[in-house]
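The structure under discussion appears below in the form of structure tokens.
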Amino acid sequence: MPPEPLTRFAPSPTGYLHLGHAFSALTAWSRPGRCLLRIEDIDSARCRPEFEAAIFEDLHWLGLDWPQPVLRQSQRRDAYADALGRLVAHGVCYPCRCTRAEIRAALSAPQEGVLPGPYPGTCRERSMDEAGRGDAIRLDLARALALTGPIGFAEAGPLHIGHQTANPAHMTEGLGDVILARRDIGTSYHLAVVVDDAAQGITEIVRGEDLFDVTPLHRVLQILLDYPAPTYYHHRLIRDRNGRRLAKRDDDRAIRRFRAEGATPQALATLVGFSFPA
Ligand code: GLU
């Protein structure tokens, strides 16, 4: 028997949900099977309880409901540490003490504040035996890809049709040796999302098109951690008048702003071009 279809909506409580989140949530809840809510609050310095409360309120207002208890990533440190240990045992991790300024200098980045490309590999030959408190842990992507072989994933979304094959050169040039564990929080978005989707038995990952390019990296981690391969459904992004992707600071696009102005959930769905399945 195939597993029960299960998807999830996984916002971070770092601001109010906006129209883009509404579209993402409505899409996730419209997919076959059940939809879980997960609170991605690993970045404790940026997350706030009032934003979490607002997530529950806004989603209920949209007419959405979810099974309890809700998983919070802040309570999952042991699971992330365990997964990291398994990746280390594969010999695909190394400690990195480079600061952003050092990385920028090594890459001679032209623009202040913008990292021009992937990590240049300064610490790549350091051994995990010398990892200390001031180190982040990076994935040696080339070594990881040598272990996994070709990377692909099943895509169910409307923007890319069918099976997707990752180009290893594109991964190396675009993502490179990503951080798996930040020195401040001991994990990262990539590690936490892969561990939790597997732990929760998610069969279809619904999320924005902005995460399409990191999906091959998530597949690499899933293969090394011996997790099942989920299907992905990447949806279009909701943009502002200037064509920019909405961000949490776009308060005038916040769901609660529309609520306060008396909009109905139906009107908001129409505004983002979502039609409820018949
Ligand atoms: N927590 C992420 C966000 O708020 C979602 C990540 C995902 O769906 O994989 O954008």
Side-chain angles (χ1 to χ4, degrees), residues 6-31 33-81 83 179 181-202 204-208 210-211 214 218 230 233 235 237-238 240 245-265 268-269 271-272 274:
L6 194 60
T7 187
R8 57 26 167 214
F9 178 61
S12 299
T14 54
Y16 293 118
L17 298 186
H18 54 57
L19 291 182
H21 294 107
F23 182 72
S24 198
L26 290 167
T27 304
W29 262 275
S30 72
R31 299 294 298 157
R34 285 187 308 145
C35 183
L36 305 184
L37 175 65
R38 182 169 74 225
I39 298 294
E40 301 214 320
D41 58 352
I42 51 171
D43 203 342
S44 46
R46 293 175 57 226
C47 294
R48 290 211 237 130
E50 62 264 37
F51 291 138
E52 185 178 304
I55 288 173
F56 299 147
E57 264 178 50
D58 288 345
L59 293 177
H60 278 140
W61 176 81
L62 276 172
L64 306 173
D65 212 346
W66 50 89
Q68 300 289 343
V70 168
L71 192 77
R72 279 186 186 74
Q73 291 194 321
S74 53
Q75 293 162 355
R76 302 266 302 147
R77 275 168 200 271
D78 291 351
Y80 307 142
I179 290 182
R182 278 165 41 178
R183 54 174 76 85
D184 55 342
I185 56 174
T187 186
S188 62
Y189 160 66
H190 300 302
L191 183 63
V193 81
V194 163
V195 168
D196 287 340
D197 283 332
Q200 295 192 287
I202 304 299
E204 184 181 273
I205 294 175
V206 176
R207 61 188 186 188
D210 51 333
L211 292 166
V214 299
H218 294 182
Y233 183 113
H235 59 72
L237 300 177
I238 304 299
D240 68 11
R245 178 164 79 88
L246 296 184
K248 292 246 170 64
R249 60 184 175 280
D250 293 322
D251 279 347
D252 61 329
R253 310 271 92 184
I255 296 175
R256 61 181 31 226
R257 173 86 185 267
F258 289 88
R259 277 173 55 191
E261 286 170 359
T264 62
L268 193 130
L271 187 65
V272 293
F274 178 85

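Just so it is clear, the model here is predicted, and its values are computed rather than measured.
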Worksheet entry | From CA spacing to verdict: side-chain contact (heavy atoms from CB on, under 4.5 Å), H21, Y16 | CA-CA 9 Å; H21 294 107; Y16 293 118; over 6 Å; no

To the nearest 0.5 Å, tell me how far [X] [atom1] sits from [Y] [atom2].
{"X": "L71", "Y": "W66", "atom1": "CG", "atom2": "CH2", "result": "14.5 Å"}
{"X": "S24", "Y": "L17", "atom1": "OG", "atom2": "CG", "result": "10.0 Å"}
{"X": "D43", "Y": "T14", "atom1": "CG", "atom2": "OG1", "result": "8.0 Å"}
{"X": "L26", "Y": "R31", "atom1": "CG", "atom2": "CZ", "result": "14.0 Å"}
{"X": "I39", "Y": "Q75", "atom1": "CD1", "atom2": "CD", "result": "11.0 Å"}
{"X": "C47", "Y": "I42", "atom1": "SG", "atom2": "CD1", "result": "8.0 Å"}

Discussion item. Would you say that S30 contacts F274 through its side chain, given a criterion of any heavy-atom pair below 4.5 Å between the two side chains?
Written reply: yes

Worksheet item: Does some side-chain heavy atom of D58 sit less than 4.5 Å from a side-chain heavy atom of R256?
Response: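 They are in side-chain contact.
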
Locate the shortest heavy-atom distance separating [X] from [Y]; write the atom from each residue and the value.
{"X": "R38", "Y": "P11", "answer": "O-CD, 3.2 Å"}
{"X": "T7", "Y": "V206", "answer": "OG1-CG2, 3.3 Å"}
{"X": "A25", "Y": "L59", "answer": "CB-CD2, 3.8 Å"}
{"X": "P67", "Y": "C35", "answer": "CD-O, 3.5 Å"}
{"X": "V195", "Y": "A83", "answer": "CG2-CB, 3.5 Å"}
{"X": "P230", "Y": "I202", "answer": "CB-O, 3.8 Å"}

Item to complete: Check the pair I205, Y233 against side-chain contact (heavy atoms from CB on, under 4.5 Å), reporting the backbone distance first and the verdict last.
Response: CA-CA 6 Å; I205 294 175; Y233 183 113; over 6 Å; no

Is there any salt bridge (Lys or Arg N to Asp or Glu O under 4.0 Å) pair reaching into [range], and which pairs are they, with sequence neighbours excluded?
{"range": "residues 19-30", "value": "none"}
{"range": "residues 60-70", "value": "none"}
{"range": "residues 183-195", "value": "R182-D184"}

Discussion item. So, using ring pair (Phe, Tyr, Trp, His ring centres under 6.0 Å) as the criterion, who are the partners of F258 when residues are at least two apart?
Written reply: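 None.
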
Worksheet item: Excluding sequence neighbours, so at least two apart, what forms ring pair (Phe, Tyr, Trp, His ring centres under 6.0 Å) with Y189?
Response: H218

Fill in: Main-chain N/O of E57 paired to H60 side chain as donor or acceptor, under 3.5 Å
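Checking the backbone N and O of E57 against the side chain of H60, no donor-acceptor pair under 3.5 Å is found.
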
Item to complete: Indicate yes or no for a side-chain donor-acceptor contact from D41 to the backbone of S74 under 3.5 Å, with no hydrogens or angles considered.
Response: yes

Discussion item. Under a 4.0 Å threshold between the charged nitrogen and the carboxylate oxygen, would E40 count as salt-bridged to R72?
Written reply: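 Looking at E40 together with R72, the answer is no, because their closest N to O distance does not fall below 4.0 Å.
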
Practice prompt. Flag the pair R259 and E261 as a salt bridge only when some basic side-chain nitrogen lies within less than 4.0 angstrom of an acidic carboxylate oxygen.
Written response: no

Practice prompt. Give the C-alpha distance, both sets of side-chain angles, the deciding distance and a yes or no for side-chain contact (heavy atoms from CB on, under 4.5 Å) between F56 and L37.
Written response: CA-CA 9 Å; F56 299 147; L37 175 65; 3.5 Å; yes

Item to complete: Could you tell me whether the side chains of R8 and Q200 share a donor-acceptor contact shorter than 3.5 Å?
Response: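 The criterion, which ignores hydrogens and geometry beyond distance, is not satisfied for Q200 and R8.
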
Item to complete: Not counting sequence neighbours, which residues clear side chain to side chain donor-acceptor pair (under 3.5 Å) with R76? List them please.
Response: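 Side chain to side chain donor-acceptor pair (under 3.5 Å) list for R76, sorted by chain: D196.
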
Discussion item. For D197 and V193: C-alpha separation, side-chain torsions, deciding distance, then whether side-chain contact (heavy atoms from CB on, under 4.5 Å) applies.
Written reply: CA-CA 6 Å; D197 283 332; V193 81; 3.8 Å; yes

